[in-house]
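Worksheet: the structure to be examined is printed underneath.
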2 protein chains.
Amino acid sequence: MDLDRSSPVPLYYQVAERIESAITSHALPAGSRIENEIALSERLGISRPTIRRAIQEVVDKGLLVRRRGIGTQVVQGQVTRGLELTSLFDDLIRGGQVPTTELLSRETLPASAAVAEALAVPLGSDTLHLRRLRSADGVPVAVLDNVLPADYLDLDTAALQNYGLYQVLRSRGTTMRVARQRIGARRASADESELLELEDGAPVLTASRTVFDDSGRAVELGTHCYRPDLYSFDVTLVQK
Amino acid sequence: MDLDRSSPVPLYYQVAERIESAITSHALPAGSRIENEIALSERLGISRPTIRRAIQEVVDKGLLVRRRGIGTQVVQGQVTRGLELTSLFDDLIRGGQVPTTELLSRETLPASAAVAEALAVPLGSDTLHLRRLRSADGVPVAVLDNVLPADYLDLDTAALQNYGLYQVLRSRGTTMRVARQRIGARRASADESELLELEDGAPVLTASRTVFDDSGRAVELGTHCYRPDLYSFDVTLVQK
DNA sequence: GAGTGGTCTAGACCACCGC
DNA sequence: CGGTGGTCTAGACCACTCG
């Protein structure tokens, strides 16, 4: 038992990690039932509420399923097989290729009606518009358009060339907390197909996202388009 | 206060609903701070852990943000504005149009390697293959291909004509708990573009999903494609 | 009836924030 | 320093499932 009560890492988190790795390592095989809460609680010397929270963490990740009166079982299905064929981008990353980002343009523009509403800033107020091209292994993967409110007009251009946008924001003390995004598809525009090295009118996967910081204020409006042969989105849903 | 301690609806859920509706009705304006846990707990006569759980529910929906030492604030941004332009399908539904589903084909086939792995059934075992066309207001929206394991070979064809697949499964006693899905884009195939009334090679939005029941067993493998002008996916992410 | 998870309580101590 | 949320405890009672 590698539980450390003096660690700053919460107990429930340490327990959740142990359960999760027991599942992914198949020490707990798919479909098997895990120990009940009371037994776990006594065996680890931890109170039942803490054990419950640990288990709930793993349930929320879609790895466990619980039924009252029955028990807790491991969900079948390796998390990433079969469906994974499509995501060459992931393969590139796992193959050790670091994604790179090129800053294509940087402008300060007045907020349009749509931008003003999405960012909750005054209509016509200054906003920072960025256009970037993300590549992996020299292959262009996505065109990223971002709009940020006036507080960020002075973002460091050099930093944007070398680090991801979120990294730069975090180093300014901004902590992103909530993101709402809409995923869709459409034909690539002329400039997009050129940047992404696609035929004219080829399909692209799109995402529009608004990100909020830990005070609830909008930090960023992103409008991205991805090469669908190199990128896709994974989502896990748990019915509550 | 419309809290009902004798109701089967849990207290934390009743409280969470109240907070949520206070936010969506703008009784709690965006950016404002809500009462702290202790005050809420005393005012409602509910213990602090129960209040915490209620607040956490709303945080997980992306409507609240918490900071230690500061308090709990309402996230800005109406949940559905600006980004919503793309989703005509939602508009149809809200406009009172009920989606309809036509059963195009129904076959029993041996499981291929990919299907066997995704559903965790023996290679070559019987599986039920369905192809359906979903429409709203007479407009085709999606082509839905589904594969189900042998337990469901006897699904009622008439029911499938009249009710959604999930409705039929639920009436058999199956409760879906976890879904893992991958969202992407590609060109429509010839038959897809004909069914969806699109030009040849037009973009479609795709989703591949595996659904598991409350015992952790795979229930369904879905491979769907959507008209991107009529459908998109909304996702809310909360950093933990 | 025995075993399971689901809910709720009353209280404790701590870490972090701003004044 | 006082106020906030984050963690943890010990125990209670209930609802559900199964044999």
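As the structure is a computational prediction, the values presented were derived from the model and not from experiment.
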Measure the shortest side-chain to side-chain distance between B:T100 and B:R134 over non-hydrogen atoms and say whether it is less than 4.5 angstrom.
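Sidechains of B:R134 and B:T100: no contact.
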
Can you check whether B:L221 reaches B:R209 side chain to side chain, under 4.5 Å on heavy atoms?
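B:L221 does not reach B:R209 side chain to side chain.
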
Answer with base, sugar-phosphate or nothing: what part of the nucleic acid does [X] contact at a heavy-atom distance below 4.0 Å?
X     : value
A:I38 : nothing
B:I46 : sugar-phosphate
A:R48 : base

In whole Å, I'd like the distance from the [atom1] atom of [X] to the [atom2] atom of [N].
X      : N     : atom1 : atom2 : value
B:D214 : C:dG5 : CG    : P     : 14 Å
A:I70  : C:dA2 : CD1   : P     : 18 Å
A:R67  : C:dG3 : CZ    : C1'   : 14 Å
A:E37  : C:dC8 : CD    : C1'   : 14 Å
B:E57  : C:dG6 : CD    : P     : 13 Å
A:E35  : C:dG3 : CD    : P     : 15 Å
A:L44  : D:dC8 : CG    : P     : 13 Å
B:E42  : D:dT4 : CD    : P     : 11 Å

When you match B:I34 and A:R5 each to their closest nucleotide on DNA chain D, which lands nearer the 5' end?
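The answer here is B:I34.
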
For A:G69 and A:V9, find the nucleotide of DNA chain D closest to each by heavy atoms; which residue's nucleotide sits nearer the 5' end?
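Checking each residue's closest nucleotide, the 5'-ward one belongs to A:V9.
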
Between [X] and [N], is there a side-chain N or O to OP1/OP2 distance below 4.0 Å?
X     : N     : answer
B:Y12 : C:dC8 : no
A:T72 : C:dT4 : no
A:R53 : D:dT7 : yes
B:R66 : D:dG6 : yes
A:R33 : C:dG5 : no

From the list [options], which nucleotide is the closest neighbour of the side chain of [X]?
X     : options              : result
A:R68 : D:dC8, D:dT4, C:dG6  : C:dG6
A:S47 : D:dT9, C:dG5, C:dC16 : D:dT9
B:N36 : D:dT4, D:dG6, D:dT9  : D:dT4
B:T50 : C:dT9, D:dG5, C:dG5  : C:dT9
A:R52 : C:dT7, D:dT7, C:dC16 : C:dT7
B:P10 : D:dC8, D:dT4, C:dC8  : C:dC8

Relative to the 5' end of DNA chain C, which residue comes earlier, A:I55 or A:P49, by the nucleotide with the nearest heavy atom?
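Result: A:I55.
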
Salt bridge or not between [X] and [Y]? Use side-chain N to carboxylate O under 4.0 Å.
X      : Y      : value
A:R48  : A:E42  : no
B:R172 : B:D151 : no
A:R52  : A:E57  : no

B:F233 and A:F233: aromatic ring centres closer than 6.0 Å?
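Between A:F233 and B:F233, which both carry aromatic rings, the centre distance is not below 6.0 Å.
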
